Amino acid sequence: MLQNEIKTSFIELGKFLSQFSENESLKDPNVLHNDLFFDACIDLIQLSQSHNGWFTNSEVYYALQSWAKALTEQQLNQWLLEYNFNVAQPKTVGLILAGNIPLVGFHDFLCVLVSGHKVLVKTSSNDQHLLPFFAKYLIAIVPKLKDSIAFVDGKLENFDAVIATGSNNTSRYFEYYFKDKPSIIRKSRNSVAVLDGNESEQQMVALGEDIFRYFGLGCRNVSKLFVPKNYNFD
C-alpha cells in the first residue's frame, strides 16, 4: 500500500474528528462517511464514561480535538519529511496499549501504519472502544487498510516486533515475554515543573493545565514541582 494512501486516510480522520467539540458538534457535509459514523461517534463519546469513569465527555472531546489539530495535511507532511519509509517487506508490530487517558495509544498506532507496517493491537480494558471505532473509519476511507489493522482480545501472537506500555511492574513481564522479539517497552513515567518564582499568571494557568488535564493521569501530566526555598505559594 502506498504511504500516500495511508496518510490520506489519517488526514480524512482528522477532518472527521474536527467536527466534535464539547460546546457543539456540527456535521460538515464535506467530511466523508458522516452518514455512517457521525451519530455513532456522538453516542460513543456519551458512553465513554460508562466504560471508564475517568473518560468524561470533556476529556474525550479534548483528546479528539487534539488529534484533529495534529492530523492535518500540513502537520503530517512536516512530521514525515524527516523520514524515509522504503519498506521492502511489511512487518506485523504488536501494540499493548495503556488506558490511562483517551486514545493514549493512538500515536503508536499511527506510527506503525504510516511507516508501512501492519498493526496488531491489544487494547487496555480501560480504553477498548475509541481506537477500534476510529480504525473502522480509516478502513472506510482506504479499504485496503483492513489487511493492515487487527485487534486481539487474548494472547498476542504472530507478530514480528512489539511496543508495550505499562507500569514498572508489568514491564518486567513484558521484558521476559518479549525477550526474543525487537521491542520498545515503556515503564512508568513522571513529569516535573521547575519554578523560579517569576512566573506570569499566564504561565501558572498553563501549568495548571499540565497538572490537571485528564485528571493528572497521563505520564506527561506534571506531578512534582521544584521550587526555590521560601517560595511564595500565594
Side-chain angles (χ1 to χ4, degrees), residues 1-22 24-48 51 55 60-95 97 99 101-124 127-153 159 163:
M1 190 187 316
L2 296 176
Q3 187 199 62
N4 195 51
E5 292 179 291
I6 301 169
K7 185 174 67 174
T8 295
S9 70
F10 279 100
I11 291 171
E12 293 300 328
L13 176 60
K15 295 176 183 177
F16 177 77
L17 296 178
S18 69
Q19 302 172 109
F20 304 97
S21 70
E22 186 176 8
E24 188 176 24
S25 295
L26 293 174
K27 188 180 290 188
D28 183 344
N30 297 314
V31 171
L32 300 177
H33 301 304
N34 262 340
D35 55 329
L36 296 174
F37 289 95
F38 186 89
D39 291 338
C41 188
I42 294 288
D43 292 341
L44 179 60
I45 294 168
Q46 297 301 318
L47 286 170
S48 288
H51 301 143
F55 286 15
V60 175
Y61 279 120
Y62 185 87
L64 299 192
Q65 278 295 308
S66 297
W67 277 111
K69 293 172 184 175
L71 297 176
T72 65
E73 184 172 11
Q74 179 181 0
Q75 294 278 18
L76 287 175
N77 284 340
Q78 183 177 347
W79 175 45
L80 297 174
L81 193 63
E82 302 297 323
Y83 301 95
N84 180 16
F85 298 120
N86 291 323
V87 178
Q89 182 63 42
K91 297 184 183 299
T92 298
V93 180
L95 299 181
L97 304 183
I101 66 176
L103 290 174
V104 68
F106 188 86
H107 191 265
D108 289 340
F109 179 82
L110 167 63
C111 287
V112 173
L113 289 174
V114 82
S115 59
H117 297 289
K118 299 179 179 181
V119 68
L120 178 65
V121 184
K122 183 174 177 60
T123 60
S124 165
D127 189 9
Q128 293 180 311
H129 305 279
L130 292 169
L131 185 58
F133 179 83
F134 296 122
K136 290 178 182 176
Y137 185 86
L138 292 171
I139 292 169
I141 299 297
V142 180
K144 286 187 288 186
L145 275 172
K146 186 176 182 180
D147 297 327
S148 298
I149 300 174
F151 289 84
V152 60
D153 292 326
F159 57 92
I163 303 172

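One is the number of the first residue; the rest follow in order along the sequence. What you are looking at is a predicted structure, and each value in this text was computed from that prediction instead of being measured.
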Counting C-beta onward and ignoring hydrogens, is there a side-chain heavy-atom pair between [X] and [Y] closer than 4.5 Å?
X	Y	result
Ile163	Leu95	yes
Glu73	Asn77	yes
Tyr83	Ser115	no
Val142	Ile6	no
Ile149	Val121	no
Leu71	Phe106	yes
His129	Leu47	no
Leu97	Asp127	no

Quick check for you: to the nearest 0.5 Å, what is the distance between [X] atom [atom1] and [Y] atom [atom2]?
X	Y	atom1	atom2	result
Leu32	Glu12	CG	CD	4.5 Å
Asp108	Leu113	CG	CG	11.0 Å
Ser66	Leu17	OG	CG	10.5 Å
Ile141	His33	CD1	NE2	4.0 Å
Leu64	Leu130	CG	CG	7.0 Å
Leu138	Leu131	CG	CG	8.5 Å

How close do [X] and [Y] get, heavy atom to heavy atom, and via which atoms?
X	Y	answer
Phe55	Gly99	CZ-O, 3.7 Å
Ala68	Gly14	CB-O, 3.7 Å
Phe133	Ala40	CE1-CB, 3.7 Å

*Verify the ring-centre separation between Phe38 and Phe16: is it less than 6.0 angstrom?*
no
Please check: side-chain N/O of [X] versus main-chain N/O of [Y], any donor-acceptor pairing under 3.5 Å?
X	Y	answer
Gln75	Thr72	no
Gln65	Phe20	yes
Asn34	Asp28	yes

_Checking Phe134 against Phe37 for the ring pair (Phe, Tyr, Trp, His ring centres under 6.0 Å) test, could you report, in this order, the C-alpha distance in whole Å, the side-chain angles of both residues, the deciding distance, and whether it holds?_
CA-CA 9 Å; Phe134 296 122; Phe37 289 95; 8.9 Å; no
*Look at the rings of His107 and Trp79 and say which category their plane angle falls in: under 30° parallel, 30 to 60° tilted, over 60° perpendicular.*
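Judged by the thresholds at 30° and 60°, the geometry between His107 and Trp79 is tilted.
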*Taking only residues two or more places apart in sequence or in another chain, which ones pass side-chain contact (heavy atoms from CB on, under 4.5 Å) with Val104?*
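Here the qualifying residues are Ala98, Asn100, Ile101.
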*Just jot down the side-chain contact (heavy atoms from CB on, under 4.5 Å) partners of Leu80, sequence neighbours excluded, or say none.*
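Per chain and number, Leu80 pairs via side-chain contact (heavy atoms from CB on, under 4.5 Å) with Gln3, Lys7, Phe85, Val114.
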_Within the supplied structure, the quantity of interest is the number of heavy atoms (other residues, nucleotides, ligands) at a distance under 6.0 Å from Lys136 NZ; does it exceed 12?_
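No - once you tally the heavy atoms of other residues, nucleotides and ligands closer than 6.0 Å, there are 12 at most.
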*So does Lys27 have more than 12 non-hydrogen atoms from other groups sitting under 6.0 Å from NZ?*
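Counting other residues, nucleotides and ligands, NZ of Lys27 exceeds 12 neighbours.
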_Residue among Val112, Leu120, Val119 satisfying side-chain contact (heavy atoms from CB on, under 4.5 Å) with Val93_ = Val112
_All pairs passing side chain to side chain donor-acceptor pair (under 3.5 Å) where residues 35-44 contributes a residue, at least two apart_ =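 Residue pairs with at least one partner in residues 35-44: there are none.
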